[in-house]
Amino acid sequence: MPKIRSVGTPTLRFLALVGLASLVGCGNASPALAPGGAGDPGDGPAVAATGIAGVWHGAYEDPAGGHAEVELILQDSLRFSQTTQYTAGTNVYLAGTYEVFAELSTIRTKIEDAFPTEFCGTTGCTPIRYPDGESFRFVQPEANTLVLTGSCDLPGCTIRYSRKI
């Protein structure tokens, strides 16, 4: 199958998952998925996202931020956006592009836009540095369910999404 890579203006700093895992302390470099490592999705063909494209809703408990509701939008054009709303009142937005490597059950995101851009506390403000992107294992047990797992063992690293209809 030919490589289908997304093109367009930057819009993402998320995935699911991409952003979620980074927000709860997960890195994007599991040895099997790290660029240049064994099983690097960059070496395999990317495919169209027809089966997973859609608007997805998930939730998880973040040890630092409490309950989080997540809306993940995966477009057929291989663009994505994610909005995470924490019960404590914080909202995090990530957007960008993604690739699907079906033979590896992997989605790789590229974060191109994110909000908030800084954290302000009693001692001033500090820029928030989002990762360039992340890799997630995916399982789609049925058409309206998507399970994404980042490369960590913390709550929020595996999120079960339901398709919004």
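Numbers here simply count residues along the sequence, with the first being 1. Reckoned from all heavy atoms, side chains included, excluding hydrogens, waters and symmetry mates. In this text, all values refer to a predicted model and were calculated from it rather than measured experimentally.
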### Message
Membership question, hydrophobic clusters at under 4.5 Å side-chain separation (ILVMFWY): are Val55 and Leu146 in the same one?
### Response
no

### Query
Between NE2 of His57 and CD1 of Ile159, what distance do you get to the nearest 0.5 Å?
10.5 Å

### Message
Quick check: closest heavy atoms across Ile52 and Leu74, and the distance to 0.1 Å?
### Response
O-CD1, 3.6 Å

### Task
Determine the minimum heavy-atom distance between Ala102 and Phe138, stating which atoms define it.
CA-CZ, 4.5 Å

### Message
I want to check something: taking the side chain as every heavy atom from C-beta on, are Val92 and Tyr86 in contact at a cut-off of under 4.5 Å?
### Response
yes

### Distance, nearest 0.5 Å, that separates CG of Leu72 from OH of Tyr161
5.0 Å

### Query
Going only through I, L, V, M, F, W and Y residues with side-chain contacts under 4.5 Å, is there a path from Ile73 to Tyr60?
no

### Summary
OH of Tyr98 to CZ of Arg79, rounded to nearest 0.5 Å, is 11.0 Å

### Query
Roughly how far apart are Thr83 OG1 and Glu69 CD, rounded to 0.5 Å?
12.5 Å

### Task
Could you pull out the closest heavy-atom pair between Pro141 and Val147, with the gap in Å?
CD-CG2, 4.4 Å

### Between Glu61 and His67: side-chain donor-acceptor atoms closer than 3.5 Å
yes

### Query
So which heavy atom on Gly54 is nearest to which on Arg163, and how close?
CA-NH1, 3.9 Å

### Task
Dump the intermediate steps for side-chain contact (heavy atoms from CB on, under 4.5 Å) on Tyr130 and Ile128, then the final yes or no.
CA-CA 6 Å; Tyr130 293 90; Ile128 297 173; 3.5 Å; yes

### Summary
Heavy atoms of Trp56 and Gln140 approach each other most closely as CH2-NE2, 3.8 Å

### Message
Assess the residue pair Tyr93 and Asp113 against the criterion (side-chain contact (heavy atoms from CB on, under 4.5 Å)); give the C-alpha distance rounded to whole Å, side-chain angles, the decisive distance to 0.1 Å, and a yes or no.
### Response
CA-CA 8 Å; Tyr93 172 78; Asp113 189 24; 3.8 Å; yes

### Query
Under a 4.5 Å cut-off applied to non-hydrogen side-chain atoms, are Ile107 and Ser135 in contact?
no

### Message
Once rounded to the nearest 0.5 Å, what's the spacing between atom CZ of Arg160 and atom OG1 of Thr145?
### Response
5.0 Å

### Query
Does a side chain donor of either Arg137 or Thr106 reach within less than 3.5 Å of an acceptor in the other side chain?
yes

### Task
Measure across Arg108 and Phe101 and return the closest heavy-atom pair with its distance rounded to 0.1 Å.
CB-CE1, 4.1 Å

### Query
If you measure from CD on Gln85 to OG1 on Thr90, what distance do you get to the nearest 0.5 Å?
10.5 Å

